[in-house]
Amino acid sequence: MATFIIGAIVFGILALISINLYKNRKKGTTCGCGCEGCPSANRCK
Amino acid sequence: MPIKIALAGNPNSGKTTMFNHLTGSTQYVGNWPGVTVEKKEGRLKGDKDVIIQDLPGIYSLSPYTLEEVVSRNYLVNEMPDAIINIVDASNIERNLYLTTQLLEIGVPVVIALNMIDVVRKNGDVIDIKKLSEALGCEVVETAAVKGTGSKEVAAKAVVLASKGTKPSPRYKFSDTVEAALTEIENLVDSISNHRSRRFFAVKLFERDEKILEQLKLDENTINRIEEIISKVENELDDDSESIITNERYTCISQVVEKSVHKKNKSRLTTSDKIDLVLTNRWLALPIFAAIMFLVYYISITTVGGWATDWVNDVLFGEIIPPAVEGFLVSVGCADWLISLIVDGIVGGVGAVLGFLPQMIVLFFCLSILEDCGYMARIAFIMDRIFRKFGLSGKSFIPMLVATGCGVPGVMASRTIENESDRRITIMTTTFMPCSAKLPIIALIAGAMFRDSAWVAPSAYFVGIAAIIVSGIILKKFKGFIGDPAPFVMELPKYHLPSPKTVSIHMFDRAKSFVKKAGTVILLACVGVWFLSSFNWTLTMVDAENSILASLGKIIAPIFAPLGWGDWKSAVSTLNGLIAKENVVGTFGVLYGVEEVSENGAEVWAALQASYTQLAAYSFLIFNLLCAPCFAAIGAIRREMGNAKWTLIALGYQTGLAYAVSLIIYQFGMMFTGNFSVIFGTLAIILVAAFVYLLFKPVNKHEGLTRKAMAS
């Protein structure tokens, strides 16, 4: 049971991160380096 | 409809600082030209119906540089509702040149007389009322760094925008020029009723090709305008562009004479006195080297190093992994999930995050150097060196930007007009150690060269040396030959760094580092954990029998001549293509932190056992100079504009990295009495080739012939 719950949390977080990265890349809010929102982000597009 | 207000002014006059203050954003502020390449938008704090637009810094509305084109196109074609013209009050004569052009556009203008605190400190006085009368627009005193006057200037701009009040300058050009301009205004139907008719008339008088193209005039009108211009040129014995420039400066002199009272016109300022030493022909470079040595020494070896030791050895060594593992075991988690969380996530991400303190200290030091005005001098100092091999100091600006991140560094090369210079700059910018490479530098310096002061600073100097050597060599090849473009740069006055600017820069960088560790690095570490924990039949095995080991062993021999031909180093380097921090993250997963921390040994003890110091330094240099991360490769692709030049750039970077690492390792081996016949000889040949290419005379004739053929 513990494996299932903790596993679901870990893989849920990983999936969420992947989706967000993909979305941000598509929207152009990040160059793909993963540091969207950085002070230089406006120059990455 | 929202009100649009544009911030326009000379480079380094404080536009972005004011933009940040008005909109509450934290856009990157730098005191060298080219920081703002494209316009940026934000909503005015407290009035969301007002959009503030920060334009690139420009000296005039002539379309000579990319920044001028971006700003001019926006101001003339899209027309904001009002312009806030930020004028550096401490350099008022030169700044008013752009002002005289902005006043001609026909858009309401408010002048923000910025850096008024510096003027007062110098004992000078500017009569705002007289200045405002002469220019025919509102003038507000501001000190953007302190936030003084920004709100007032924005409020005035909003009122003017609502009313649509056009500026009405009192000054006039000479009668001959005024008559010619009026004649042109009346002659061209399309501009006679235009809001910017004065601007168009002046530009037509200057024979501005882009405006001629835009107005699509018939041949008769063009001939008539040409007659008008020629008549004035003959009368004043000068070309039309110079005539207008002289007229503007004559008007500016009259305005300044009436409104500005300087305490002492010929006195050397404190900044001038400091520059006599810091930019001295002979002292500048040694001082720069000493300062950068100190910055890296403080950040990596001393202050930052102590904090990182604690984070690595205690927080991510003795506290977090045992606590997480203890909890997971107590709740009865499966072994594979414990391994994923402890070895993959905590081990990998923790290894990268461990270097955060060093990064914070480094960016604190760099921010201070930048904010006080010293970093802008580096471009000026480098201009002398770069010019010797055909590049200009303008190429060093992207490299300064790249110390934060290579992507904006590559993008900043857009401001370089000369195509061959731009290509060389793109190819070499990522040699500068960016923040993502810092963990690699810190890891090798800390784990392999304990208490050594030279390793971390050497990474910075190797980057600069690679840029200089590449510049000299590449300039001798077809496609790169050419004279350096002129580089004009205004040196900002030295001032005490603003704690706010320094802390914003430092915390923004730290925030983006943590964010990256929690996203891209985390995913990559999980990938590495999976590949290093399972074999091809998806059975859990030890790392030596894993999928990653079998793949790594295929490519590892390539790096054997560099001294690190083991599969772990090879896959770490390849993983660095996702993000450079991944090199350290991968080590964290592959070498593990749990076992070594349990018996109290240092976290990176396992790594120390796998490398000699020579191999570790060769590994560091290869990872510093080789192809950058995918994000930077994407930026190179976009800026190069085609796949061929992108491949040339990546091939050159990786080839150079391999050659330099090979030379370092093989020469090191020679000196320790372990000469390898094949690779040692190859290293000697490579050194000879470098020396030959460095000293080979430039074939200028070839470049000129090609230029002539092209034209």
Side-chain angles (χ1 to χ4, degrees), chain A, chain B residues 25-29 35-38 40 54 327-328 330-338 340-341 344-345 401 404-412 414 434-436 504-505 508-509 511-524 526 578-581 629-632 634-635 638:
Chain A
M1 192 60 178
T3 302
F4 179 76
I5 295 169
I6 294 171
I9 294 169
V10 170
F11 286 106
I13 291 170
L14 291 177
L16 209 66
I17 292 169
S18 309
I19 293 165
N20 270 338
L21 271 177
Y22 176 73
K23 272 187 183 171
N24 289 337
R25 180 78 183 92
K26 238 186 156 185
K27 269 195 289 183
T29 49
T30 169
C31 57
C33 67
C35 55
E36 72 268 18
C38 79
S40 302
N42 69 302
R43 306 183 59 165
C44 299
K45 290 178 238 168
Chain B
S25 16
T26 52
Q27 291 292 345
Y28 184 72
V29 180
V35 171
T36 309
V37 183
E38 286 172 356
K40 289 174 293 204
D54 184 19
F327 167 75
L328 293 172
S330 69
V331 295
C333 245
D335 286 347
W336 67 267
L337 191 56
I338 296 175
L340 166 66
I341 296 171
I345 297 173
V401 177
C405 174
V407 177
V410 171
M411 294 309 207
R414 277 182 204 176
C434 66
S435 58
I504 284 177
H505 193 188
D508 272 345
R509 190 49 66 191
K511 193 175 81 184
S512 69
F513 183 76
V514 173
K515 213 168 181 178
K516 198 172 174 184
T519 52
V520 175
I521 312 288
L522 174 77
L523 292 177
V526 170
I578 297 170
K580 288 290 167 185
E581 298 95 329
C629 64
F630 286 135
R638 283 195 295 279

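Chain naming here is simple, since letters A, B, ... match the order of the sequence lines and numbering starts at 1 in each. Note that the structure is a prediction, hence the values are computed from the model and not measured.
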If I measure from the heavy atoms of chain A, does [X] come under 4.5 Å with its side chain, its backbone, both, or neither?
X	answer
B:Ala635	neither
B:Leu328	side chain
B:Ile341	side chain

### Query
What pair of heavy atoms forms the shortest contact from B:Cys333 to A:Ile6, and how long is it?
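Shortest heavy-atom separation between B:Cys333 and A:Ile6 comes out as SG-CD1, 3.6 Å.
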### Task
Grab the two heavy atoms, one from B:Val331 and one from A:Ala2, that are nearest each other, plus how far apart they are.
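Shortest heavy-atom separation between B:Val331 and A:Ala2 comes out as O-CB, 3.1 Å.
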### Message
My understanding is that only residues two or more places apart in sequence, or in another chain, count here; which of them pass side chain to side chain contact (heavy atoms under 4.5 Å, CB included) with A:Leu14?
### Response
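For A:Leu14 the side chain to side chain contact (heavy atoms under 4.5 Å, CB included) partners, ignoring immediate neighbours, are A:Val10, A:Phe11, B:Leu522, B:Leu523, B:Val526.
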